[in-house]
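Numbering starts at 1 and runs along the sequence shown. Just so you know, these numbers use all the heavy atoms, side chains as well, and skip hydrogens, waters and symmetry mates.
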Amino acid sequence: MMKSLDLFINSLNVEDYKEIKGYLKTEENKPVSLLSFDFHVQNFNSILKKKTIQSDIQTLEHLAKGETWKNTIKSVLTENPFEALILTDINRSILWVNEGFSKMTGYPKNYALKKSPIFLQGSKTSEATRKRIREKLEDNKPFKEVIINHRKDNSTYKCELHIFPLKHNGKTTHFLALEKQIA
């Protein structure tokens, strides 16, 4: 009979497995009991999520070197839920996306670079929503909006955007979009 740990490990891709491999043994280098691991799966998932957020914070802070954004990346990311992150310049050209972006959209990270997030929109995306987003971006204030986007396989998903203008010396230089899929 297959244990839940076996099911969990079999569901991981190679990168995720490498990330947790070190947690599968105790300090004495003995295998972890499957029963005890079953009790800690929820805590473990929480640890992985925190590690991912910390990695995203570090990456964005590295990209922000030389910028003195009024917003602190750490507070924006820890105080707002998200699955995907998109950093654009003022012209809305994508400079960076996180791993969550690829999981949500099906597009590889490098495919998105130098494109506008508009490439995620399609026939099911409301023109009224597009117009509201453009207007809110021009206001240079944080905002939330819900949009229907299209994945690489052309399936649709409802996405909540939380967009933060990042400012240097009072002028918006970049936008950071926190995105999560909603029902």
Side-chain angles (χ1 to χ4, degrees), residues 13 15-16 19 48-183:
N13 62 36
E15 291 173 9
D16 290 339
E19 196 169 323
L48 283 179
K49 183 172 177 139
K50 286 178 186 174
K51 183 176 180 190
T52 300
I53 291 171
Q54 289 171 347
S55 175
D56 290 340
I57 290 169
Q58 289 174 341
T59 301
L60 285 167
E61 286 178 340
H62 176 74
L63 291 171
K65 283 188 178 175
E67 302 287 343
T68 53
W69 291 330
K70 180 180 174 186
N71 319 65
T72 64
I73 298 299
K74 186 173 184 173
S75 65
V76 168
L77 297 185
T78 56
E79 295 171 8
N80 299 284
F82 66 90
E83 294 171 47
L85 296 173
I86 301 174
L87 178 68
T88 69
D89 63 17
I90 190 65
N91 299 315
R92 300 173 198 137
S93 177
I94 296 173
L95 303 174
W96 175 83
V97 296
N98 70 345
E99 288 295 328
F101 172 86
S102 294
K103 290 177 183 175
M104 181 185 289
T105 66
Y107 288 100
K109 291 169 65 170
N110 62 345
Y111 180 84
L113 299 180
K114 298 183 181 177
K115 290 181 175 46
S116 167
I118 291 172
F119 85 91
L120 296 168
Q121 299 171 10
S123 61
K124 304 264 179 165
T125 307
S126 159
E127 186 56 43
T129 302
R130 292 179 204 208
K131 183 179 178 192
R132 277 194 312 273
I133 290 172
R134 283 191 303 271
E135 289 170 355
K136 289 177 180 180
L137 287 169
E138 294 299 321
D139 286 342
N140 287 313
K141 296 178 184 168
F143 68 90
K144 284 186 183 181
E145 186 67 58
V146 174
I147 189 169
I148 295 179
N149 276 341
H150 293 68
R151 293 184 184 89
K152 184 177 181 185
D153 67 5
N154 208 30
S155 63
T156 60
Y157 63 100
K158 194 180 280 190
C159 181
E160 180 183 76
L161 307 172
H162 196 169
I163 298 181
F164 294 87
L166 302 175
K167 298 180 180 193
H168 175 78
N169 292 332
K171 185 176 178 185
T172 300
T173 60
H174 297 81
F175 293 100
L176 179 61
L178 283 66
E179 301 185 358
K180 67 179 179 176
Q181 187 172 335
I182 58 175

- Determine, step by step, whether L137 and F143 satisfy the side-chain contact (heavy atoms from CB on, under 4.5 Å) criterion, reporting the C-alpha distance in whole Å, the side-chain angles of both residues, the deciding distance to 0.1 Å, and the verdict. CA-CA 8 Å; L137 287 169; F143 68 90; 3.9 Å; yes
- Message: So does S155 get a backbone contact from the side chain of H150, meaning a donor-acceptor N/O pair under 3.5 Å?
- Response: no
- Query: Can you tell if the side chain of I163 reaches within under 4.5 Å of the side chain of P142, non-hydrogen atoms only?
  - Reply: no
- Item | Close side-chain approach of L161 to V146, heavy-atom, < 4.5 Å | no
- Message: Checking T59 now: which residues fulfil side chain to side chain donor-acceptor pair (under 3.5 Å) with it, not counting sequence neighbours?
- Response: none
- Min side-chain heavy-atom separation S55-I57 under 4.5 Å: no
- Message: If I compare all heavy atoms of D56 with all of F82, which pair ends up nearest, and what's the gap?
- Response: OD2-CE1, 3.7 Å
- Item | Qualifying residues under ring pair (Phe, Tyr, Trp, His ring centres under 6.0 Å), relative to Y111, sequence neighbours excluded | Y107, F119
- Report the distance from atom CZ of F164 to atom CG of L87, rounding to the nearest 0.5 Å. 13.0 Å
- Heavy-atom distance under 4.5 Å between the side chains of W96 and I86, does that happen here? no
- Query: Taking only residues two or more places apart in sequence or in another chain, which ones pass side chain to side chain contact (heavy atoms under 4.5 Å, CB included) with K114?
  - Reply: S93
- Roughly how far apart are Q54 CD and L77 CG, rounded to 0.5 Å? 11.5 Å
- Task: Evaluate the criterion side-chain contact (heavy atoms from CB on, under 4.5 Å) for residue pair L176 and I73; output intermediate values, then yes/no.
- Result: CA-CA 9 Å; L176 179 61; I73 298 299; 4.3 Å; yes
- Query: If you measure from OG1 on T129 to NZ on K131, what distance do you get to the nearest 0.5 Å?
  - Reply: 12.0 Å
- Taking every heavy atom of L85 against every heavy atom of F101, the minimum-distance pair comes out as O-CB, 4.3 Å
- Task: For T78 and I53, work out which heavy atoms get closest and say how close.
- Result: CG2-CG2, 4.4 Å
- Item | Side chain proximity check, H162 to P81, heavy atoms < 4.5 angstrom | no
- Message: Suppose we screen for ring pair (Phe, Tyr, Trp, His ring centres under 6.0 Å). Which residues come up paired with H174, at least two apart in sequence or across chains?
- Response: W69
- Query: What's the verdict on side-chain contact (heavy atoms from CB on, under 4.5 Å) for L113 and L95, showing C-alpha distance, side-chain angles and the deciding distance?
  - Reply: CA-CA 6 Å; L113 299 180; L95 303 174; 5.9 Å; no
- Task: Could you list all the salt bridge (Lys or Arg N to Asp or Glu O under 4.0 Å) pairs where at least one residue sits in residues 93-108, not counting sequence neighbours?
- Result: E99-K109
- Item | Exercise: identify the closest heavy-atom pair between T125 and I148 | OG1-O, 2.6 Å
- If a pair satisfies salt bridge (Lys or Arg N to Asp or Glu O under 4.0 Å) and one of its residues is in residues 153-166, list it, with sequence neighbours excluded. E160-K180
- Query: In Å and rounded to the nearest 0.5 Å, what is the CG to OG1 distance from L120 to T105?
  - Reply: 6.0 Å
- Query: What are the two closest non-hydrogen atoms of I94 and S116, and how far apart are they?
  - Reply: CD1-C, 4.2 Å
- Task: Mind listing the closest non-hydrogen atom pair of K152 and G106 along with its distance?
- Result: CD-O, 3.4 Å
- Message: Nearest 0.5 Å, please: how far is CG in N154 from NZ in K124?
- Response: 9.5 Å
- Message: So, taking the atom named CD1 in I90 and the one named NE2 in H168, what distance separates them when rounded to the nearest 0.5 Å?
- Response: 13.0 Å
- What residue pairs, at least two apart or across chains, pass side-chain hydrogen bond (donor to acceptor under 3.5 Å, both in side chains) with a residue in residues 138-149? R92-E138, R132-E145, K136-E145, N140-T172
